[in-house]
Amino acid sequence: MLEAILLVGGQGTRLRPVTVNTPKPMVRAAGVPFLAHQIARAAAAGVTHIVMATCYLAEVFEPYFGDGSDFGVSLEYVVEEEPLGTGGAIRNAARRLTGGPDSSVLVFNGDILTGLDIAGLVDAHRAAEADVTLHLVQVEDPRAFGLVPTDSEGRVLAFTEKPQTPEEIITDQINAGCYVFKRSVIDSIPGDRPVSVERETFPGLLAAGAVLHGVTENTYWLDLGKPESFVQASADLVRGVVASPAVPGPRGESLVLPGARVAPDAKLSGGTVVGAGASVGAGAVVTGSILLDGAVIEPDAQVTASLIGDGATVGARTVVDAAVVGDGAVVGADNELRAGARVWCRAELPPKALRFSPDS
Ligand code: GDD
Ligand code: MG
């Protein structure tokens, strides 16, 4: 039996993306709430019991995921009254686990998409007889992450969360947000106050001589902190660049959900999702984008690498590139939105209101 804790709390989850009404973990990537991919991937790796650790918006998860049986797992929810931090949340959720002190417990940050060999990480943890095993990836700019230098055998030498000075940046190897804990280690985390696993537990374990083992696997890995990466994740799931059993359809250049309408000469590519009841007009070109349910793309519009919210409209000939159009917003015809533009929910942009110039 393999058990896991899924961390779905904290500020990042609470703050809805300003342009989409749904809380982030429930925004649909490749047609289903993002968390479905994490649950399905864990189940496929042999996880049978998942405890979802939430502190806000718990009420949105349970109606959708239920007892987990649709995913082949037993799913439970624990709700923190006040956010307990990552370590406190792990400790709190572990109350529901059934394994003994030596059992292996997987822990996932809820805001990453990864192609990690989860079962392989558990095997490595057992082989190393580690207290905690961490999946590590190498990134170009590690500043927004937890830095984790290791020795040649993979033993973790330090853990520096979000380095503040250039001197602290001694590696490009970062915490990828997936761990295997020995159960007894979780039980040693204080249970009566907020604890950060990154700032307190890991440095404390290292100082006490515990064995922290790093597995550097440069597999597919994406942090979904920004809408652009969320859109990218969805497109990669649709195209099969990263595998998820939860994608509701065959892999390909686009995923058109039941009830969507796409004009015969519209072009969909790059892993575009057309949500239920959404429509794409004649001559429109939609590339690597998410059109949420009921979105309307009018004729000859061009949408690239963007998120178009529930029931939002993109007017005829309008260009939307690397932008987010909020739920219910209306972007009139002949506009040009690029490079990080965000249209608020229900906002209305008249025709020919905006063009983009890099002024170069
Ligand atoms: N239940 C609960 N309670 N969950 C929490 C809490 C809490 O108080 N605080 C954070 N979480 C959850 C978040 O929802 C997220 O899924 C995960 O824990 C990590 O928290 P973030 O707030 O997203 O942290 P981060 O992105 O700045 O950094 C973390 O992830 C990086 C990889 O993406 C750290 O683990 C870094 O070390 C890591 O490199
Ligand atoms: Mg995060």
Side-chain angles (χ1 to χ4, degrees), residues 4-17 23-27 33-35 37-39 42 50-58 60-61 76-96 106-114 116 132 134-149 156 158-164 168-169 171-179 181 186 189-203 205-206 212 214-217 219-227 229-230 233:
I5 294 170
L6 187 50
L7 296 175
V8 198
Q11 294 294 325
T13 312
R14 182 173 60 128
L15 296 177
R16 298 158 196 245
K24 242 195 211 167
M26 295 298 283
V27 178
F34 173 72
L35 273 187
H37 300 294
Q38 281 200 324
I39 294 171
I50 299 178
V51 182
M52 211 186 267
T54 68
C55 43
Y56 298 103
L57 301 167
V60 304
F61 302 118
E76 290 187 70
Y77 306 82
V78 292
V79 185
E80 299 145 40
E81 273 172 28
E82 291 296 323
L84 287 172
T86 45
I90 294 168
R91 159 87 201 229
N92 187 50
R95 292 180 292 139
R96 299 291 185 87
L106 276 158
V107 176
F108 301 102
N109 282 0
D111 59 351
I112 48 160
L113 177 62
T114 166
L116 171 73
V132 185
L134 300 85
H135 174 215
L136 309 176
V137 290
Q138 287 163 305
V139 294
E140 241 166 65
D141 182 359
R143 284 175 299 176
F145 302 105
L147 265 56
V148 190
V156 173
F159 195 109
T160 309
E161 183 66 15
K162 309 215 172 35
Q164 298 297 310
E168 284 183 317
I169 305 175
T171 178
D172 62 354
Q173 207 170 250
I174 62 139
N175 168 26
C178 174
Y179 324 109
F181 273 81
I186 296 180
I189 297 173
D192 53 354
R193 60 176 173 84
V195 176
S196 160
V197 80
E198 297 90 348
R199 295 181 192 277
E200 182 176 339
T201 310
F202 292 146
L205 285 167
L206 287 169
L212 268 62
V215 173
T216 308
E217 189 180 310
T219 169
Y220 182 96
W221 187 83
L222 205 55
D223 174 291
L224 304 181
K226 298 195 181 107
S229 42
F230 193 89

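Everything quoted here is computed from the prediction, not taken from an experiment. Atoms considered below: every heavy atom in the structure, side chains included; atoms not considered: hydrogens, waters and symmetry mates. Counting starts at 1 for both ligands and their atoms, following the listed order.
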Query - Aromatic ring pairing His37/Phe34, orientation class (parallel under 30°, perpendicular over 60°, tilted between) - result: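 Taking Phe34 first and then His37, their aromatic rings sit tilted (interplane angle of 30° to 60°).
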
Requested in this report: Take the angle between the ring planes of Phe145 and Trp221 and call it parallel below 30°, perpendicular above 60°, tilted in between.
Outcome: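 The rings of Phe145 and Trp221 stand perpendicular, inter-plane angle above 60°.
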
Query raised in the report: Among Glu80, Gln38, Glu161, which residue places a heavy atom closest to atom 1 (N) of ligand 1?
Result: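 Closest candidate by heavy-atom distance is Glu80.
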
Query - Nearest candidate to atom 18 (O) of ligand 1, where distance is taken over non-hydrogen atoms, out of Val107, Ile5, Thr54, Thr86 - result: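 Considering heavy atoms of Val107, Ile5, Thr54, Thr86, the nearest to atom 18 (O) of ligand 1 sits in Thr86.
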
Part of [X] within contact of ligand 1 (heavy atoms, under 4.0 Å):
X      : answer
Asp223 : side chain
Ile112 : side chain
Ala89  : side chain
Phe202 : neither

Query raised in the report: Which atom pair, heavy atoms only, marks the closest approach of Met26 to Val60?
Result: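 Nearest heavy atoms, Met26 then Val60: CE-O, 3.5 Å.
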
Query raised in the report: Quick one: side-chain contact (heavy atoms from CB on, under 4.5 Å) partners of Asn92, sequence neighbours excluded?
Result: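 Testing Asn92 for side-chain contact (heavy atoms from CB on, under 4.5 Å), a comparison that skips the adjacent residues, returns Val78, Glu80, Leu84, Arg95.
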
Query raised in the report: Under 3.5 Å between some N or O of ligand 1 and some N or O of Gly9?
Result: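 Gly9 vs ligand 1: N/O contact under 3.5 Å present.
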
Query raised in the report: Considering residues, nucleotides and ligands other than Lys162, do more than 12 of their heavy atoms fall under 6.0 Å from its NZ?
Result: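 Enclosed: over 12 neighbouring heavy atoms sit under 6.0 Å from NZ of Lys162.
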
**Report entry** Heteroatom N/O/S of Asp111 within less than 2.8 Å of the Mg ion (ligand 2)
**Finding:**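 True for Asp111.
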
Query - Numbered atoms of ligand 1 (with element) below 4.0 Å of Leu84, judged on heavy atoms - result: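 Near Leu84, meaning under 4.0 Å from one of its heavy atoms, ligand 1 has 8 (O).
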
